[in-house]
Amino acid sequence: MLSVQTPIIPKVAALIRRHPGTISLGQGVVYYGPPPQAIQRLSTFFADPENHKYRPVHGIPALVEALAAKLGRENGIVVDSRREVVVTAGANLAFVNALLAVTDPGDEVILQTPYYFNHEMAVVMAGCRPVPVDTDSHYQLRPEAILQAITPKTRAVVTISPNNPSGAVYGESLLREVNAICRSHGLYHISDEAYEYFTYGSARHFSPGSIEEGVDYTISLFSFSKSYGFASWRVGYMVIPAHLFESVEKIQDTLLICAPVISQYAALGALEAGREYCLSHLAVLARVRERVLEELDRIRDICTVPAAEGAFYVLLRVDTDLEPMDLVERLVLEFGVAVIPGTTFGLTEGCYLRVSYGALTEETVLKGMRRLVKGLRAIVTRG
Ligand SMILES: Cc1ncc(COP(=O)(O)O)c(C=O)c1O
């Protein structure tokens, strides 16, 4: 475990606690909670005393069925005898399930840099080697670089779209290219779609699981945490090729047994509200995002802000030689605003900062952004 990186978010949180009044643009959560339908469903959980016992490892039948219908309707993922849906305690556990199912210790897993730190940590914990591949200057996939990173030990390629931490949304043709590379090299394509509903402007989400030829090697991960304001309820799900079902059941039975059943009932209620629930909040986030980008326009001379058309993150490259964590610390101590350093996401060259605008009210985000702009201007100019 000593070789596994320590997540930085708790460190930044400790810094914030020591400096009350700091506005945190650090946390990757949404500002809203679950829809009322989710809470109403809880009475049906309590109505059946059997619900206090263990339930099926892969999820309660009603939820699995409702998810299969959603996947077909919204993602173009047909759940037939060639695939299975497994309800998990969030997309993070779904990732661990997938990883343990397809790798042996010593294998390699290709991640895109910037990567989601928990993915990198999980790969190391599984005794495998993360192989980071750089994205381009817009944080877009580079299929030719992925191709070059493949070795006889490679087992899987991971993509996240919309992306944490960059906010990039990968286009359909790039995702199809990566999926085809996986097919021709006998690899799994693990596609994390926790932010599937969070796209802005003309960006469109594409699910690689909808590629007909990819059924046997594409693993798709989804989450209720962001879409339905469900972070603490711990519900996510994965779509896997049928041949992995037995392995995933063994893994999940050992790590979890089953996702919290009360939360699975709540998830059924959330699905009744449907994606419209998330989209109604997305209108607010889209406005906040515009304001964030407007604020950042004022410091374009000292930082680069690639297009961020998804999730609720912007990843800035700051034109400075300062260490990212030192910059983060000074922003908290001197300017009362917290962001996450890019080093956490595998960005070791250059000074990157992730700004998250999903968790607070528009007014507070704006106040935080003004502090950030003022702080960066002062620190970068003064040194
Ligand atoms: C890309 C990505 N995947 C998975 C997760 C975790 O989701 P869950 O709460 O469903 O485990 C996050 C949370 O920030 C994320 O950014």
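No hydrogens, no waters, no symmetry mates; every other heavy atom, side chains included, goes into these values. Throughout, numbering of the chain's residues begins at 1 and tracks the sequence. Start at 1 and go down the list; that is how both ligands and their atoms are numbered.
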With a 4.0 Å cut-off on heavy atoms, does Tyr195 reach ligand 1?
yes
When you measure from the heavy atoms of Gly90 to every atom of ligand 1, does any distance fall below 4.0 Å?
yes
Judged by modelled atom types alone, do [X] and [Y] share a side-chain donor-acceptor pair under 3.5 Å?
X	Y	result
Glu193	Ser207	yes
His189	Thr159	yes
Thr151	Glu108	yes
Glu74	Tyr197	yes
Tyr217	Arg183	yes

To check your reading of the model: name the closest protein heavy atom to [atom], its residue, and the distance in Å.
atom	value
atom 1 (C) of ligand 1	Asp192 OD2, 3.4 Å
atom 9 (O) of ligand 1	Ser225 OG, 2.6 Å
atom 13 (C) of ligand 1	Lys226 NZ, 3.0 Å

For Asn164 and ligand 1, does the shortest N/O to N/O distance drop below 3.5 Å?
yes
Per-atom contacts, ligand 1 versus [X] - under 4.0 Å to a heavy atom:
X	answer
Ser223	7 (O), 8 (P), 10 (O)
Ile160	1 (C)
Arg234	8 (P), 9 (O), 11 (O)

Among Phe117, Phe230, Tyr116, Trp233, closest by any non-hydrogen atom to atom 15 (C) of ligand 1
Tyr116
Lys/Arg-Asp/Glu bridge criterion (N-O < 4.0 Å) met for [X], [Y]:
X	Y	value
Arg176	Glu172	yes
Asp107	Lys153	no
Arg300	Asp297	yes

Side chain, backbone, both or neither: which part of Asn92 has a heavy atom under 4.0 Å from ligand 1?
both
Side chain, backbone, both or neither: which part of Ala91 comes within less than 4.0 Å of ligand 1 when only heavy atoms are counted?
both
